[in-house]
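These notes concern the structure reproduced below.
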Protein chains: 2
Amino acid sequence: MTEPTTVSERTHGASGARIAAELRDAILAGRYSPGSRIRQEDLAEAYGASRLPVRDALRMLEAEGLVTLVANTGAWVAKLNPAECEELYQVRERLEPFLLSLNVPLLQEEQIDELGLLASAMEHTDDVERFLQLDREFHLASYAVAETTMLQEMTVRLWNRTQPYRRVYTRMFRAEGDHSVHYEHHLIVAALHRRDAEGAERVLAGHIRRTRLELARHPEVFDLV
Amino acid sequence: MTEPTTVSERTHGASGARIAAELRDAILAGRYSPGSRIRQEDLAEAYGASRLPVRDALRMLEAEGLVTLVANTGAWVAKLNPAECEELYQVRERLEPFLLSLNVPLLQEEQIDELGLLASAMEHTDDVERFLQLDREFHLASYAVAETTMLQEMTVRLWNRTQPYRRVYTRMFRAEGDHSVHYEHHLIVAALHRRDAEGAERVLAGHIRRTRLELARHPEVFDLV
DNA sequence: AAGAGTTGTATTGGATGCAATCAAGCATTA
DNA sequence: TAATGCTTGATTGCATCCAATACAACTCTT
């Protein structure tokens with residue numbers, strides 16, 4: 001009658017998923033940087049499992065674009081060159097405004113207010129990690145209401161894959177006193193309040209485009225991952 | 001000194017990838033239909049391997065959206081409901097025109113001519129499978145010149161995930177004498193010859209949109225996969 | 001007779017061990 | 001001295017075995 005020893009630790013088939021989740025968090029948090037080697041056995045030991053669920057996890061993350069696998073050779077944290085990163089931003093530039101527009105009629109007033117609070121909170125923080133987290137929260141929350149599983153999943157993956165470069169860029173150029181990010185966020189909130197889907201779409205497209213161009217102007221970011 | 005027995009059959013770490021490729025082909029060819037169960041051991045026996053590389057293959061295909069895995073329960077060929085399928089078409093509607101526009105200045109005249117030949121060949125075939133194959137070839141060839149790895153890979157995945165429904169739709173409504181598909185294809189070829197990126201983009205967006213609406217008008221397609 | 005609990009079987013998940021492969025360092029030779 | 005071939009250690013890939021889970025059929029109770 002297989003009673004679980006403790007309250008948790010009982011889902012048999014979730015070992016790979018659990019490892020994938022932890023490794024994903026570690027990569028997104030910057031504890032592994034792009035290009036660094038991942039050894040199966042290290043992970044297995046670190047997470048208290050055998051190499052088998054580790055390989056499952058690596059496969060999942062490979063599919064999400066966070067890990068690169070080479071047969072018989074090993075796994076690395078995925079690394080983008082400037083061109084690939086620009087591509088992903090261009091994809092975001094087309095998908096996210098559309099996704100936002102689907103959310104415009106569905107967001108509750110209170111939810112829009114909360115977005116405004118997030119935008120304000122970002123303005124008044126000096127901590128890079130908190131800035132990144134709030135930014136992610138702001139955008140993903142503005143996408144979360146519509147029931148569009150596919151689009152939301154694709155969007156999250158795009159954010160995840162570009163996260164390391166956003167982090168380095170923010171670290172390097174955050175203090176230069178450009179308030180465009182915040183202005184754009186507040187413009188989006190205002191458009192949402194007006195229920196102005198097209199307006200929100202355009203500001204967001206410009207927002208992502210501006211970020212893409214900034215990043216393209218500083219290719220040195222990709223040497224310092 | 002591990003000499004390969006024959007000229008092929010030597011890449012050690014490709015067993016999972018090989019199985020994934022064959023299973024992917026089988027799904028795209030319609031030999032497995034959406035919702036049908038996939039038993040690990042069956043596949044292992046069919047492809048002459050153990051269950052381990054099969055599990056690798058299933059993970060890969062899950063990531064591509066072709067297979068659905070449930071822990072401790074099993075694997076099924078992925079099945080879309082009408083809303084999900086419509087979402088994927090809307091994503092295509094935004095990505096593919098952009099991808100095509102990147103290819104406009106790069107396609108050689110001869111390559112555009114070949115696209116024209118493909119469009120004509122489609123007009124004169126009665127075979128559904130050949131129609132589907134030529135259609136896929138036409139579009140993917142028009143995207144293949146630009147060096148945009150990410151976008152191309154995403155596009156192929158979107159095509160793959162919607163393939164079964166395109167097949168059923170074509171089988172059911174192909175003979176109704178609507179020539180829009182072919183007109184649009186030829187319009188695209190003409191725009192490419194003129195090097196008219198925006199024109200090509202617009203026709204393609206309309207092409208995908210029209211297909212999406214047709215599919216939405218016939219939800220019974222999703223009962224007959 | 002209907003429902004809940006129980007048992008049995010089929011199938012998946014995970015651990016271990018061995019084989020195949022790769023990469024780096026050493027020896028050898030031109 | 002530099003380049004090439006070989007050998008060895010480290011690491012991944014795969015097969016087999018065992019454990020855990022889910023589902024269905026059955027039994028027992030009310």
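First the proteins, then the strands, lettered A, B, ... as listed; each starts at 1. Since the structure is predicted, the reported quantities are computational estimates derived from the model, not experimental observations.
Between B:Y169 and B:Y165, a ring centre-to-centre spacing not shorter than 6.0 Å is recorded.
For A:E84 and A:R161, the salt-bridge test fails: no basic side-chain N is under 4.0 Å from an acidic carboxylate O.
The CD-P distance, from A:Q40 to C:dT21, rounds to 16 Å in whole Å. Whole-Å rounding puts the A:E41 CD to C:dT16 P distance at 11 Å. When the P atom of D:dA22 is taken as reference, atom CH2 of B:W76 falls 12 Å away, rounded to whole Å. Separating the CG atom of A:L69 from the P atom of D:dC14 is a distance of 12 Å, rounded to the nearest angstrom. In this structure, CG of B:N72 is placed 12 Å from C1' of D:dC23, rounded to the nearest angstrom. If you measure from atom CZ of A:R18 to atom P of C:dG13, you get 15 Å, rounded to the nearest angstrom. Whole-Å rounding puts the A:L43 CG to C:dA15 C1' distance at 17 Å. We find that CD of A:E45 is positioned 15 Å from C1' of D:dT11, with the value rounded to whole Å.
Here A:I38 lies in heavy-atom contact (under 4.0 Å) with sugar-phosphate atoms only.
Counting heavy atoms from C-beta outward, A:I188 and A:L192 have side chains that approach closer than 4.5 Å.
Taken residue by residue, residues 46-58 of chain A places heavy atoms nearer than 4.0 Å to DNA chain D at A:R51, A:R55.
Figure legend: cation-pi geometry between A:R92 and A:Y89, with NZ or CZ positioned under 6.0 Å from the six-membered ring centre and within 45° of its axis.
A donor-acceptor pair shorter than 3.5 Å can be found between the side chains of B:Q163 and B:R166. No donor-acceptor contact under 3.5 angstrom links the side chains of A:R174 and A:T170, judged on distance only.
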